[in-house]
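Quick notes on the structure that follows.
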Protein chains: 2
Amino acid sequence: MNATLPRRTESTSRALEKEDVLSLLKRTGLSDYEAKVYLALVLRSHGTAEDVAVTADIPRTSAYKVLEALKKKGYVNSRGGRPVVFHPIPPLEIRDRMVAEMERGFQLLDSLRGSQTEKGSPQLVYTIMGKESVMAKIGEMLDMARERFFLSSPDLTELNNVFASKFANALKRGVHVTVVALPSVKVPDASEVIRKQDLLATDVITDYEVALIATPDLSICGFTDNPFLAAHLDNFFQISLDRPEGKR
Amino acid sequence: MNATLPRRTESTSRALEKEDVLSLLKRTGLSDYEAKVYLALVLRSHGTAEDVAVTADIPRTSAYKVLEALKKKGYVNSRGGRPVVFHPIPPLEIRDRMVAEMERGFQLLDSLRGSQTEKGSPQLVYTIMGKESVMAKIGEMLDMARERFFLSSPDLTELNNVFASKFANALKRGVHVTVVALPSVKVPDASEVIRKQDLLATDVITDYEVALIATPDLSICGFTDNPFLAAHLDNFFQISLDRPEGKR
DNA sequence: CCGATTGTCGCTCTATAGGCTACAATAGTA
DNA sequence: TACTATTGTAGCCTATAGAGCGACAATCGG
């Protein structure tokens, strides 16, 4: 119908740009044809289903379906007439819409982080009661460690028995595991073992982000996922370990 | 393996939030399972393929494929070990990445707007030469009109003949068509016809956005898609039409 | 009234996601 | 060292959505 445009070979850069845009559109939820058609409409500014089919190089009858789908998704506009003339929603408008949607969605997602593991109302330091729960939490911290895992405890036997494999696994994936224990107590696999007298409580720190302090029998503990607090505790232990034994 | 979490019925609002997030993730290019798995990992903070399969409520063996796919797409992390422990990339990080990508892509797309129709280096006013090209441009403007189409010309016969159907079509889709012509000259279908002496050139304005001024024989024209310029011209014509005939 | 254009419908074909079973590899354990 | 459970991989089958295509209905211009 509209034979306005002389068909000529495209410059390579232009073709590359189109590929680029097409892959973006596809990754943002459009199908192959939908991406092609929207791009074609933007390039042409407007056009009938037929025009679009030619520009996008797709079968004519597919253009109708795809344009309909794009209209539902809010990518194109049309207002009656025969033949129907379609207009693209301006790219920047769509971008703004999608960005807004994503900001909202990912914000929500972020607020759900870890809500499957810690329960109760948000606090700086959570209290976990019961040996079973405390042990489970320590196991979780071991699994979650990416870079560094620090454990200091007067009684390692139980932790050692229950979590031996978790310790091994952490080491295997490259986590630096530090264990502080009383002299001549059996310790789990670790990259670094420190012997020290007078350990009073069990302390666990993971990746400078998550920290736990428990009573010796592990019946109750405080737990925080505040990185500043965790890093602060970590720092505290570093200092106390550097000090000569006697001076406590 | 990790039977840490007591399965309990979820609160409705929490379930709704999840639906919300899932649909967002799906619209941003993830498959059903990929969305579920990423959400599950975020909720749990970390986990093995098995853990994830349970939380996301999908078959165990599918979890491996999906986690692999998500890793390629940059949604999750893992570092060796057996079993392999996976970590989600933080939602806000992914959001930033996607937003940046979209800003870039849609910016590019925007720069391609209409590059199929106007050629040459960008200018405020393009010059179009040759009756054929000028006519084609006017036809294009008629097709593109959404709200308003304004045409003023001393010689309407040819435009009338060639574009009769386009005029009809524009009216049908609700465009307000104004035609200014010499007295007792046949005019095309229009919502408003104004008769006026002494028309010197052909002027076309579409939706206050695009404007064209051509010589009477349509052999050459100036054309702009600058909305301010177009609106300015439109305003100019309004004033000139309001003036009594004699006072020119 | 007739031919051309425009738009709709429904069918097949194909690629991909999902689901499942079997089995290989590894690790813990007797 | 052998046995068993866990973890991970491979392959195949099915369901679904997109793509391709022809038939045909609706509308329009002449």
Side-chain angles (χ1 to χ4, degrees), chain A residues 1-3 22 25-27 29-38 40 47-54 56-73 76 78-86 143 160-173 188-189, chain B residues 1-3 22 25-27 29-38 47-54 56-73 78-86 143 160-173 188-189:
Chain A
M1 184 203 189
N2 236 333
L22 283 180
L25 289 174
K26 273 184 267 183
R27 261 176 300 118
L30 296 195
S31 78
D32 233 61
Y33 277 19
E34 288 170 344
K36 277 189 175 184
V37 163
Y38 179 66
T48 66
E50 167 104 41
D51 296 336
V52 165
V54 172
D57 194 32
I58 63 168
R60 185 181 67 89
T61 53
S62 294
Y64 291 98
K65 300 178 193 171
V66 171
L67 282 166
E68 201 46 51
L70 282 177
K71 197 174 172 181
K72 272 212 205 86
K73 295 191 184 185
V76 309
S78 73
R79 337 170 63 200
R82 188 189 169 94
V84 176
V85 176
F86 290 86
D143 275 348
N160 198 359
N161 291 336
V162 178
F163 294 133
S165 65
K166 284 191 193 295
F167 275 100
N169 198 13
L171 280 177
K172 208 174 335 177
R173 60 178 196 267
D189 287 354
Chain B
M1 182 202 192
N2 234 333
L22 284 180
L25 290 173
K26 274 184 264 181
R27 263 176 298 118
L30 297 195
S31 77
D32 234 60
Y33 276 20
E34 288 170 342
K36 276 188 175 183
V37 163
Y38 178 66
T48 67
E50 168 104 41
D51 296 336
V52 165
V54 171
D57 194 33
I58 62 168
R60 184 181 65 91
T61 53
S62 294
Y64 291 98
K65 299 178 193 173
V66 171
L67 282 167
E68 201 47 50
L70 282 177
K71 198 174 173 181
K72 272 212 203 85
K73 294 191 184 186
S78 74
R79 339 171 61 202
R82 186 188 171 97
V84 177
V85 176
F86 291 86
D143 275 348
N160 197 356
N161 290 336
V162 179
F163 293 134
S165 66
K166 282 190 193 297
F167 274 101
N169 198 11
L171 281 177
K172 208 175 333 177
R173 61 177 193 268
D189 287 354

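Numbered from 1 within each chain, the chains take letters A, B, ... in sequence-line order.
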- Message: With heavy-atom distances below 4.5 Å as the criterion, would you say the side chains of B:S78 and B:K71 are in contact?
- Response: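 In short, these two side chains touch, coming nearer than 4.5 Å.
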
- Query: C:dG7, C:dT21, C:dT8: which one has an atom nearest the side-chain heavy atoms of A:P83?
  - Reply: C:dG7

- Task: Measure from the side chain of A:V84, starting at C-beta and using heavy atoms only, and say which of D:dC28, D:dC21, C:dG7 lies closest.
- Result: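 Shortest atom-to-atom distance from the side chain points to C:dG7.
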
Please round to the nearest 0.5 Å and tell me the distance separating atom [atom1] of [X] and atom [atom2] of [Y].
{"X": "A:L25", "Y": "A:L22", "atom1": "CG", "atom2": "CG", "answer": "6.5 Å"}
{"X": "A:S165", "Y": "A:D189", "atom1": "OG", "atom2": "CG", "answer": "10.0 Å"}
{"X": "A:R60", "Y": "A:T48", "atom1": "CZ", "atom2": "OG1", "answer": "10.0 Å"}

Value in whole Å for how far the [atom2] atom of [N] lies from [atom1] of [X]:
{"X": "A:D51", "N": "C:dT6", "atom1": "CG", "atom2": "P", "answer": "9 Å"}
{"X": "B:K166", "N": "C:dT6", "atom1": "NZ", "atom2": "C1'", "answer": "14 Å"}
{"X": "A:L171", "N": "C:dA27", "atom1": "CG", "atom2": "C1'", "answer": "16 Å"}
{"X": "A:E68", "N": "C:dT8", "atom1": "CD", "atom2": "C1'", "answer": "11 Å"}
{"X": "B:L67", "N": "D:dT9", "atom1": "CG", "atom2": "P", "answer": "11 Å"}
{"X": "B:N169", "N": "D:dT27", "atom1": "CG", "atom2": "P", "answer": "14 Å"}
{"X": "A:D57", "N": "D:dC21", "atom1": "CG", "atom2": "P", "answer": "11 Å"}
{"X": "A:L70", "N": "D:dA19", "atom1": "CG", "atom2": "P", "answer": "11 Å"}

Can you pull every protein N or O that's under 3.5 Å from an N or O on nucleotides 14-17 of chain C?
none

- Query: Between which residue ranges does DNA chain D form stems of three or more consecutive Watson-Crick or G-U wobble pairs, both distances under 3.5 Å?
  - Reply: C:1-30 with D:1-30

Grab the N/O contacts between the protein and nucleotides 24-26 of chain D below 3.5 Å, and write none if there aren't any.
{"residue": "D:dA26", "atom": "N3", "partner": "A:R82", "partner atom": "NH2", "Å": "3.2"}

- Query: Between A:A49 and A:K172, who's closer to the 5' end of DNA chain C by nearest nucleotide?
  - Reply: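 Looking at the nearest nucleotide for each, A:A49 comes out on the 5' side.
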
- 5'-most by nearest nucleotide on DNA chain C - B:I58 or A:A164: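 Its nearest nucleotide lies further toward 5', so the answer is B:I58.
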
- Message: Any base atoms under 4.0 Å from B:T61, or only sugar-phosphate, or nothing? Heavy atoms, all strands.
- Response: base

Distance test, side-chain N/O of [X] to OP1/OP2 of [N], below 4.0 Å:
{"X": "B:Y64", "N": "D:dT9", "value": "no"}
{"X": "A:K36", "N": "D:dA19", "value": "no"}
{"X": "B:K65", "N": "D:dG8", "value": "no"}

- Message: Can a donor-acceptor pair be found, under 3.5 Å and without considering hydrogens, that links the side chain of B:N169 to the backbone of B:K166?
- Response: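 No, the answer is negative, given that no donor and acceptor are paired below the 3.5 Å cut-off.
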
- Judged by atom type as modelled, is there a donor-acceptor pair below 3.5 Å linking the side chain of A:K73 to the main-chain atoms of A:G29? yes

- Task: Under the side chain to side chain contact (heavy atoms under 4.5 Å, CB included) rule, what do A:V52 and A:F86 come out as? Steps first, then yes or no, please.
- Result: CA-CA 9 Å; A:V52 165; A:F86 290 86; 5.6 Å; no

- How far apart are the closest heavy atoms of B:E34 and B:V66, and which atoms are they? CA-CG1, 3.6 Å

- Which is it for A:V37 and A:L30 under the side chain to side chain contact (heavy atoms under 4.5 Å, CB included) test, yes or no, and what are the steps along the way? CA-CA 10 Å; A:V37 163; A:L30 296 195; over 6 Å; no

